[in-house]
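To start, the structure itself, in structure tokens.
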Amino acid sequence: MSLMTSWVAGANAPDCDFPLNNLPYGVFEDGKGARMGVAIGDYVLDVGAVDHRLDPALFAAPSWNAVMAAGPEVWAALRARLIELLGDEAHRAAVEPGLVPLAEVALLMPFAVTEYTDFYAAKNHAFNVGSMFRGPENALPPNWLSIPVGYNGRASSVVVSGAEVRRPWGQLKAPDAELPEFAPCRRFDLELEMGAIVGTPSEGMVSVAQADEMIFGYVLLNDWSARDIQAWEYQPLGPFQSKATATTISPWIVTAAALAPFRISTPERERELLPYLSEPGPMLYDIALEVALAPEGGEEVVISRTNYSEMYYSAAQQLCHHTSSGCAMRTGDLLGSGTISGTTRDSRGSLLEMSWGGKEPLALPGGGARSFLEDGDTLTLRGAAQGDGYRIGFGESTGKVLPAVPQPDWIKD
């Protein structure tokens, strides 16, 4: 597919994140109240202010949940109508008053997160982490090549890009200590992920094909991780407080329809999957990803570049497996892909991997180094799928690390 042209300023530039081919959905505020919007070129369109030909009740609240719940037919109708309105010059006079410059708006949470599940489904990341703690010969748990491993997270921890993130407190136990202490995290980390958003709900088990149809769209996702808290708490039941500080998502939901031209297949299986996880076609996407770090007062530097295609399990397989017990999925459920890493150091999706557990600190061009995040560091995730003369961008997922809150008076030394 080539570039679809629009009359909106900036939308036809080859380096624009938001051409007519994209039309991602978000929620914006410009001093006139929060509204549902679609990004196009250098602007955001107030969807409720144009003739979308759909039930106005779908756009009554500043959240995309109602549209998501309405299902694929409504999704397709809305997208087709927006392409018509923003692509045909004949609609310019009627639509232009609903455009607001992106530079003049604040972007809010685009949907209400119902539940949040995080997976551990990229092989390079799982192999790297396993190698650090168990050696390469035992890096992958016995179940890993058969099942998309995941855990239930906290929906309340999900925040939108721009929200600051406090370094968490928790129980930490040094290797040579007999007992833990309660202190601020010393090994705070990022995790480069993609998030898949469930649109239509389910009851009972669904197939991979049905799961794929349920997914409304995707966001960039940074699942901040307190590695030292996790090291002490994770046995026997896995992550808990170490992953409950914050999960930052990008403010634009890039729809599955916009990403359709970039579908690619999951990798060849090292072990045959059980039939219920079989895929009817390509279920992954070719999306280039990067992580940038800016120290307090310093210049930003890109510390990792990788691709969503590094995943071993697709979001559709993850969602299918999630329902296999009969677990009902709801509109607004968010599935984190798990950390996405490539095969080289500069393509790893976490500082834990980049610094190899702190043994090989990552040098920064302006001086200094990082094994884990320091207070004042700003982390930014970016992603885009490259088309013929256009790209489907996600915008940014950004968060700044603030110092831990002072020790409360009720905690006795």
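This is a predicted model, so every value here is computed, not measured.
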Between Ser304 (side chain) and Arg348 (backbone), is there a donor-acceptor pair under 3.5 Å? yes

For Arg81, all residues meeting salt bridge (charged side-chain N to carboxylate O under 4.0 Å, His left out), sequence neighbours excluded: Asp51, Glu84

Do side-chain atoms of Asp388 reach the backbone of Met1 as a donor and acceptor pair under 3.5 angstrom? no

Using a strict 4.0 Å threshold on nitrogen-to-oxygen distance, state whether Lys32 and Asp46 make a salt bridge. no

Kindly write out the residues that satisfy ring pair (Phe, Tyr, Trp, His ring centres under 6.0 Å) with Phe59, not counting sequence neighbours, or none if the list is empty. His52

Whether Tyr285 and Tyr308 hold their rings parallel, tilted or perpendicular, with breakpoints at 30° and 60°: parallel

Scan Glu233, Gln171, Arg186 and name whichever one has a side chain to side chain contact (heavy atoms under 4.5 Å, CB included) with Asp228. Arg186

Of all pairs that satisfy ring-ring contact (aromatic ring centres under 6.0 Å, His included), the ones with a partner from residues 256-275, not counting sequence neighbours: none

For Tyr312, check ring pair (Phe, Tyr, Trp, His ring centres under 6.0 Å) against everything at least two apart and list the hits. Trp144

Those residues at least two apart in sequence (or on a different chain) that pass ring pair (Phe, Tyr, Trp, His ring centres under 6.0 Å) with His322 are none

Tyr25 pairs by side chain to side chain contact (heavy atoms under 4.5 Å, CB included) with which of Leu82, Val254, Val47? Leu82

Could you pull out all residues at least two apart from Phe28 that satisfy ring pair (Phe, Tyr, Trp, His ring centres under 6.0 Å)? none

